[in-house]
*Asks:* 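Pasting a structure here, questions to come.
Letters A, B, ... mirror the listed sequences (proteins, then strands); counts begin at 1.
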There are 2 protein chains.
Amino acid sequence: MNDNSPLPTASAPGRKPTISREDIVAAALKLVGPHRSVSTLSLREVAREAGIAPNSFYRHFRDMDELAVALIDLAGQSLRRLIGEARRRANHDRSVVRSSVEAFMEQLRADDGLLHLLLREGTVGSDAFKRAVDRQLNFFEEELRQDLIYLADINRTGLFEPALTAKAITRLVFALGATAMELSAEKQHELTEQLVLMVRMIVTGTQTMAITGTPDSETRDNRRLELL
Amino acid sequence: MNDNSPLPTASAPGRKPTISREDIVAAALKLVGPHRSVSTLSLREVAREAGIAPNSFYRHFRDMDELAVALIDLAGQSLRRLIGEARRRANHDRSVVRSSVEAFMEQLRADDGLLHLLLREGTVGSDAFKRAVDRQLNFFEEELRQDLIYLADINRTGLFEPALTAKAITRLVFALGATAMELSAEKQHELTEQLVLMVRMIVTGTQTMAITGTPDSETRDNRRLELL
DNA sequence: CACTTGTCTATACAGTTGTCTATTAATACT
DNA sequence: AGTATTAATAGACAACTGTATAGACAAGTG
């Protein structure tokens, strides 16, 4: 799907590249910390960090936006790894919700800068940037959706609008995860506990609504759901 | 609480200001659209828009961060107005959830640029900026919490962890609202419907959990909540 | 009136940014 | 060998940034 690098099979004439896209990406990653956003990165700054002339940047990326998208895709891989990890831990000793949320927060603390991108910069930056983030989030949502269906099945519990449920959980966890980046360890732990309960609310809600059903325009007399 | 403007009572000697903080704020607001973020605004650009010399900016704000905080506070007022509006509409013909979400989305479309700030730039920018956004969000959460308690009371329905519920709803609505800014009208409508259902999930969840209770470390054998 | 005080502007400076135009260096093919 | 092709660089350009300095203007006070 990603044919960014030229085919290495046919040895093209000309000078061998002394630096690769990955090197530039690595340099950019060293610059974006929890306090720097990609949008504040300048081309020259990245080139400086990578130890190349500013103009050499253009050999590998059209502009900074393209670099940003590459970073996002990289963060997406990290995210995919995270999902696998959470899934692996799930059916063991703890609840799925708890272990997933904890895996998420842990990964957030671990690979400094990578996952942060998806959380922080989804709302800012160029359109290409935003679309890239949204794409990664959709991957996440889709995997979560399948997990939810699977779990609801083996638990013999209902599931109201799996896609919507997955989206709600994803966006909530990501939104709150973004605020957690620069929190103290205790505060992070506290936030994790809050997130676990919040996700449980959504899950409980989706299960309950699968039973009671939603009040559509016809059944307006369902007073409880009507008011709240 | 906000004593930014000097006391107008004592007529200070010196030249009368030809421009006010509000004028600069207005100029900045004209610049930040759905595609511009405050962090990309430059001091000179704002001064240019306001029709003053770059240095005159310093008479009113220490730096751009201070302007940004002023913008956030302004957006907070808009938000407070929004809450009142939603509350006023609530006990009428539609459900609280639906009318609130719709009021939110409507306001989002209406006061171009103001509310966007809170949604978009909460994750980016200086620390002062982030703290200002967080403060406004906390106001919102607190009001929502009280509303939830009130509604749960008159509906004779339980409410599990009101503060947490309010936080979950707030963050979810804001996170998804942020993505809605540059969507087509149909897509916005679709998102509104999704949000209504998502919030209903949370509300239903919090009500159900108030009855069944949460599984703490002692009651690990509650299999349904354990797995999901 | 002179005098002080605060507001605003003009000018300038050093720094940074993105990008253009050569020019050099290194590899592969003939 | 020579040559073509590509990578990387150096240097320069115009535009822009934040800010320092100094001076001009207007209002209030004595």
Side-chain angles (χ1 to χ4, degrees), chain A residues 3-28 30-32 36-71 124-129, chain B residues 3-28 31-32 36-71 124-126 128-129:
Chain A
D3 52 355
N4 286 326
S5 54
L7 310 177
T9 57
S11 63
R15 188 175 177 172
K16 197 196 300 176
T18 66
I19 206 175
S20 65
R21 283 173 69 102
E22 283 69 29
D23 292 326
I24 298 184
V25 166
K30 255 194 281 188
L31 291 174
V32 294
R36 278 298 289 283
S37 87
V38 181
S39 16
T40 69
L41 245 58
S42 77
L43 185 152
R44 285 184 110 105
E45 202 177 357
V46 174
R48 216 177 301 135
E49 178 69 32
I52 59 172
N55 263 328
S56 301
F57 182 91
Y58 293 114
R59 297 276 156 194
H60 303 279
F61 298 97
R62 178 190 303 272
D63 50 16
M64 284 296 294
D65 272 357
E66 202 173 298
L67 206 213
V69 172
L71 285 174
V124 112
S126 70
D127 288 351
F129 203 123
Chain B
D3 51 358
N4 284 328
S5 52
L7 312 175
T9 57
S11 62
R15 186 175 180 171
K16 199 194 305 178
T18 64
I19 207 175
S20 65
R21 284 173 67 101
E22 284 69 32
D23 292 327
I24 297 184
V25 166
L31 290 174
V32 293
R36 276 301 287 284
S37 88
V38 181
S39 18
T40 69
L41 244 58
S42 78
L43 186 151
R44 286 183 110 106
E45 201 178 358
V46 174
R48 215 178 301 136
E49 179 70 32
I52 60 173
N55 263 329
S56 301
F57 181 91
Y58 294 113
R59 297 280 151 191
H60 304 279
F61 298 96
R62 178 189 302 275
D63 49 17
M64 284 297 294
D65 272 358
E66 202 172 296
L67 206 212
V69 172
L71 286 175
V124 107
S126 69
F129 205 123

*Asks:* Take atom CZ of B/R21 and atom P of C/dG6, then tell me their distance rounded to the nearest Å.
*Replies:* 18 Å

*Asks:* List the residues meeting side-chain contact (heavy atoms from CB on, under 4.5 Å) with A/R15, not counting sequence neighbours, and say none if there are none.
*Replies:*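 A/R15 satisfies side-chain contact (heavy atoms from CB on, under 4.5 Å) with A/T18 once adjacent residues are dropped.
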
*Asks:* Please assess A/V124 against B/T40 for the test side-chain contact (heavy atoms from CB on, under 4.5 Å), listing each intermediate value before the final yes or no.
*Replies:* CA-CA 10 Å; A/V124 112; B/T40 69; over 6 Å; no

*Asks:* Quickly work out the B/F57 CZ to C/dG6 P distance and round it to whole Å.
*Replies:* 21 Å

*Asks:* Counting only N and O atoms by type, is there a donor-acceptor contact under 3.5 Å from the side chain of A/R21 to the main-chain atoms of A/V25?
*Replies:*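 No, the answer is negative, given that no donor and acceptor are paired below the 3.5 Å cut-off.
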
*Asks:* Scan nucleotides 7-16 of chain D nucleotide by nucleotide, 5' to 3', and note B when protein non-hydrogen atoms come under 4.0 Å of the base, S if they reach only the sugar-phosphate, - if neither.
*Replies:* BBBBBB----

*Asks:* Please step through side-chain contact (heavy atoms from CB on, under 4.5 Å) for the pair B/M64 and B/F57, ending with a clear verdict.
*Replies:* CA-CA 9 Å; B/M64 284 297 294; B/F57 181 91; 3.8 Å; yes

*Asks:* Taking the side chain from B/D63 and the backbone from B/E66, do they hold a donor-acceptor pair closer than 3.5 Å?
*Replies:* yes

*Asks:* Whole angstroms only, please: what is the OH-P distance between A/Y58 and C/dT17?
*Replies:*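 Rounded to the whole Å, the gap is 12 Å.
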
